[in-house]
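One structure below.
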Amino acid sequence: MFSKILRPKIGFLPKSDTATDHGLEGEINLWLATQPDIKIQNITQSQSGGSFQPSTIVISIWYK
């Protein structure tokens, strides 16, 4: 499982139009590069927070 708390936003409108994962994709790709013998079975993603709370992204990678 990988998770990242995103920068909190002020108000309901996003501060920027640029979406970012704050390095989460890089972390996952680095981990995958160090696991050459696994076979990925499923990948799920969820996100919580929003409005006035910072968003948290959780990515689960199920593998053998």
Side-chain angles (χ1 to χ4, degrees):
M1 294 183 91
F2 298 87
S3 66
K4 185 71 75 171
I5 297 174
L6 303 181
R7 177 179 22 163
K9 60 183 180 176
I10 300 171
F12 287 104
L13 299 176
K15 191 171 188 167
S16 170
D17 290 337
T18 305
T20 180
D21 67 357
H22 296 278
L24 186 57
E25 182 178 5
E27 288 179 35
I28 293 169
N29 285 334
L30 179 62
W31 181 81
L32 288 171
T34 63
Q35 308 296 323
D37 297 327
I38 66 170
K39 182 177 178 186
I40 295 174
Q41 302 295 310
N42 191 26
I43 299 174
T44 60
Q45 174 188 334
S46 64
Q47 182 172 339
S48 64
S51 295
F52 291 108
Q53 299 296 319
S55 296
T56 301
I57 295 175
V58 177
I59 297 180
S60 300
I61 300 176
W62 299 85
Y63 62 91
K64 284 186 179 184

Are I57 and L32 linked, directly or through intermediate hydrophobic residues, by side-chain heavy-atom contacts shorter than 4.5 Å (ILVMFWY only)? yes

Closest non-hydrogen atoms of I38 and Y63, given as atom of the first, atom of the second and distance, are CG2-CD1, 3.6 Å

Going hydrophobic residue to hydrophobic residue with side-chain gaps under 4.5 angstrom, can you get from L24 over to L30? no

In this structure, CD1 of I59 is separated from CE of M1 (nearest 0.5 Å) by 10.5 Å

Determine whether I28 and I43 fall in the same hydrophobic cluster, where Ile, Leu, Val, Met, Phe, Trp and Tyr are linked whenever their side-chain heavy atoms lie under 4.5 Å apart. yes

E25 atom CD, over 12 foreign heavy atoms within 6.0 Å: no

Between I40 and F2, is there a shared hydrophobic cluster once you connect ILVMFWY residues whose side-chain heavy atoms come closer than 4.5 Å? yes

